[in-house]
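Just so you know, these numbers use all the heavy atoms, side chains as well, and skip hydrogens, waters and symmetry mates.
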Amino acid sequence: MIHQQLRTVLTDAGLEEVDAANKAFDPNWHEAVSQQESAEVPEGHVLQQLRKGYKFRDRLLRPASVVVAKAPVG
């Protein structure tokens, strides 16, 4: 209950999570940790989010750490 109240207060103050899942990689909001070949996800899109990112009133506090998809070789 306390956790939910804290999240509500922070959200009302302007804190937001950076949602990176299944979106195009944006170096302004995402930090690429590695690349992985994938036939299902288009090249340059986020394949996996490893760590959540946060922004406060459109100012980046911490970028989301992500794995970026690349085209399979061959």
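- For the pair Arg57 (side chain) and Leu15 (backbone), a donor-acceptor distance under 3.5 Å is absent.
- To the nearest 0.5 Å, atoms CD (Gln35) and CZ (Phe25) are separated by 9.0 Å.
- In terms of heavy-atom proximity, Glu43 sits nearest to Lys70 at CG-CA, 3.8 Å.
- Taking each heavy atom of Ser38 and Ala69 in turn, the nearest pair found is CB-CB, 4.2 Å.
- At distances below 3.5 Å, at least one donor-acceptor pair connects side-chain atoms of Gln49 with backbone N or O atoms of Ala20.
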Give the C-alpha distance, both sets of side-chain angles, the deciding distance and a yes or no for side-chain contact (heavy atoms from CB on, under 4.5 Å) between Arg51 and Glu31. CA-CA 10 Å; Arg51 184 178 74 172; Glu31 177 183 18; 3.9 Å; yes
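- Not one N or O on the side chain of His45 forms a donor-acceptor pair closer than 3.5 Å with the backbone of Val41.
- Salt bridge present: Glu17 and Arg7 bring a charged side-chain N and a carboxylate O closer than 4.0 Å.
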Apply side-chain contact (heavy atoms from CB on, under 4.5 Å) to residues Val18 and Tyr54 and explain how you reach the verdict. CA-CA 5 Å; Val18 175; Tyr54 294 95; 5.6 Å; no
Take Val67 and Val46, measure what side-chain contact (heavy atoms from CB on, under 4.5 Å) needs, and give me the verdict at the end. CA-CA 6 Å; Val67 175; Val46 174; over 6 Å; no
What's the verdict on side-chain contact (heavy atoms from CB on, under 4.5 Å) for Trp29 and Lys23, showing C-alpha distance, side-chain angles and the deciding distance? CA-CA 11 Å; Trp29 299 107; Lys23 295 193 176 170; over 6 Å; no
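- Two residues are said to be in side-chain contact when any heavy atoms from C-beta on lie closer than 4.5 Å; Thr8 and Leu6 fail this criterion.
- Taken from OG in Ser34 to CD in Gln48, the straight-line distance is 8.0 Å, to the nearest 0.5 Å.
- Few gaps surround CG on Asp19; more than 12 heavy atoms of other groups in view lie less than 6.0 Å from it.
- Summarising the geometry, atom CG belonging to Leu60 is positioned 9.5 Å from atom NE2 belonging to His30; distances are rounded to the nearest 0.5 Å.
- Between the CG atom in Leu61 and the CD atom in Glu16 there is a gap of 10.5 Å [rounded to 0.5 Å].
- Residue Gln4 holds its CD atom at 8.0 Å from OG1 of Thr11, rounded to the nearest 0.5 Å.
- A 4.5 Å side-chain heavy-atom check between Leu50 and Val33 finds at least one atom pair inside the cut-off.
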